[in-house]
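As structure tokens, the structure follows; a few thoughts come after it.
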Amino acid sequence: MALRVDARRLRRPDRRLHHHRCAARPGRRFAGERGCGRPAGDRLFARLRTDRPLWALLLSRIDRKQALLGALGVFGAANFALPFVDSFPVLMGLRVAAALGAAVVLPAALAAATSTAPPERRGRYLATVMTGLTGAVLSGVPVGTYLGGALGWEATFVFAGVLGTAALLLIWAKVPHTPRPGVAPGIRVLLRPLRQRAVFLILLVTAVTVAGNLAFQTYLAPFLDGLASVTGTGLALLLVLSGAGGIAGTRFAGHIVDRHGALRALWSGGGLFCAGMAAFCALWVVRPVTVVLVALVLVCWSAAAWAVPPAIQALMIDRVGPEGATQAMALYSSSAYVGAALGGALGGTLVGLDAGLLPLTAALLVGLALGLVGFTVREDRVSSGREPKAEGSEVR
């Protein structure tokens, strides 16, 4: 699963390399070269990402292993074909095919993890998938960028295809088939779990949390430069430490979910996130500060930021049940991408005003998300007429 997600995350660097190099290499021009501009392509891929619920819904009645194998097959084949294309429209068509395959992978992987996990280990299974995503951010982007710079943009596509094929083989060998229902459920039955008010609130929590985190993370480099004059090699080392903290936080969150429940894991991760942002606000006031102090806070922030997704995913599954996992995880992925788009836009505005506003805004947004979680719990108590069974446990 980790390799599969790594391949998926390589869409960003290889697309950037293509846009830069289609103008830089006169020997390899594409028909319709005016389409090489980034805004149109970025809007297209953003639309494909937020359309995940549609694709996942269409495949929700298919065995999840078959869905993963088919999606990864399309993804790998499209990437392997890209270096041989001389027409820009054909290249974009293959990129769309790869994006459609990738749009199925993450929600299907999360749903497969949910359906195969024993109830007492569900958090750790979800955390394993998210650890792959964390590792992709840490390794996939720099490796893809290096390959594109050293060997040409074609190498990045080939590398993505190799990772996708490796993931396909691992899933074929290791992932069990999903038992088929006696009668295929209709669309109305598939959508029924998602009509709950609590599910909508969880999706809203997801979007707000991701927006807060990425408003800060997207512009981490200028913030660290202003805080401790960190650039170049120092920045790269801090990002590696941040990635390691994220992996540790994801794994730890899975254990908390299984032992104490999704709510307690979410409160803990969100609270630590806000504390890290408060620390960065304080450091900004007394800047410049030492790099060692920045590194300590950065690792804590990254661990907290990556601890939140498995908790939200487990909370969502507790609401809809394993039978609605595919649809729920597709909606979760789309809400995360909506939050990412909003967070990037908000962060870009703030960094132009004062980079010190980034951690403050991130803390406020995540604090708002935790308030929405509290509202959801309160609504459950009122509607059920009873208290939750234990502090930090999921309210169904």
Side-chain angles (χ1 to χ4, degrees), residues 110 122-123 126-127 130 193-217 249-250 252-281 300-321 324-325 328-329 331-336 338-340 342-343 346 358-396:
L110 291 169
R122 183 177 295 159
L126 291 171
M130 295 308 297
L194 307 180
R195 287 184 254 171
Q196 303 176 37
R197 182 180 181 182
V199 171
F200 172 78
L201 289 174
I202 293 172
L203 295 174
L204 185 59
V205 165
T206 301
V208 173
T209 301
V210 172
N213 182 50
L214 288 189
F216 176 75
Q217 181 178 330
T250 304
F252 187 60
H255 287 278
I256 296 179
V257 168
D258 291 334
R259 183 168 296 182
H260 301 291
L263 276 177
R264 182 171 293 181
L266 183 54
W267 288 117
S268 301
L272 181 60
F273 180 96
C274 292
M277 293 297 98
F280 272 131
C281 288
C300 291
W301 155 73
S302 182
W306 283 97
V308 170
I312 295 179
Q313 293 157 9
L315 195 62
M316 176 77 83
I317 297 301
D318 287 333
R319 301 289 176 157
V320 304
M329 291 301 98
L331 286 171
Y332 166 84
S333 298
S334 288
S335 63
V338 169
L342 294 175
L346 178 60
L358 293 172
L360 175 62
T361 303
L364 290 175
L365 286 174
V366 174
L368 173 61
L370 294 178
L372 290 172
V373 173
F375 176 77
T376 304
V377 173
R378 180 180 176 276
E379 288 290 298
D380 283 337
R381 290 176 178 178
V382 171
S383 62
S384 64
R386 59 180 177 84
E387 296 295 316
K389 59 185 179 180
E391 181 185 356
S393 63
E394 296 81 16
V395 184
R396 297 180 185 273

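These numbers come from a predicted model, not from an experiment. Atom set for the values below is all heavy atoms of this structure, side chains included, hydrogens, waters and symmetry mates excluded.
Atom CG in Leu263 sits 8.5 Å away from atom CG in Asp318 (nearest 0.5 Å). Going from atom CE of Met316 over to atom CG of Leu201 covers 10.5 Å, rounded to the nearest 0.5 Å. Remark: Leu364 CG to Met277 CE distance equals 11.5 Å, nearest 0.5 Å. Between the CG atom of Leu110 and the CE atom of Met130 there is a distance of 7.0 Å, given to the nearest 0.5 Å. If you take CG on Leu331 and CD1 on Ile202, they are separated by 11.5 Å, rounding to the nearest 0.5 Å. We find the CH2-CG distance between Trp306 and Asn213 to be 8.5 Å, quoted to the nearest 0.5 Å.
Summarising the geometry of Ala340 relative to Leu214, their closest heavy-atom pair is CB-CD1, 3.3 Å, with the distance given to 0.1 Å. A pairwise comparison of heavy atoms in Ala127 and Gly254 identifies CB-CA, 3.8 Å as the closest pair. Residues Phe273 and Ala362 approach most closely at CE2-O, 3.8 Å, considering heavy atoms. Scanning all heavy atoms of the two residues, the minimum distance from Leu126 to Pro310 falls at CD1-O, 4.2 Å. Annotation for Asp258 and Arg122: closest pair OD1-N, 3.2 Å, computed over non-hydrogen atoms. The minimum heavy-atom distance between Val257 and Ala265, with the atom names listed, is CG2-CB, 3.6 Å.
Val373 has its side chain within reach of Trp267: a pair of non-hydrogen atoms, C-beta onward, lies under 4.5 Å apart. Counting heavy atoms from C-beta outward, Leu204 and Leu372 have side chains that approach closer than 4.5 Å.
Under the 30°/60° scheme for interplanar angles, the aromatic rings of Trp301 and Phe216 are found to stand perpendicular.
Considering only residues two or more places apart in sequence or on other chains, Ala307 meets the side-chain contact (heavy atoms from CB on, under 4.5 Å) condition with Ala253. In this structure Val308 satisfies the side-chain contact (heavy atoms from CB on, under 4.5 Å) test together with Thr209, Leu266, Ile312, sequence neighbours excluded. By the ring pair (Phe, Tyr, Trp, His ring centres under 6.0 Å) test, Tyr332 pairs with no residue at all, sequence neighbours left out.
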Between Val205 and Leu315, is a side chain to side chain contact (heavy atoms under 4.5 Å, CB included) present by the stated rule, with each step listed?
CA-CA 11 Å; Val205 165; Leu315 195 62; over 6 Å; no

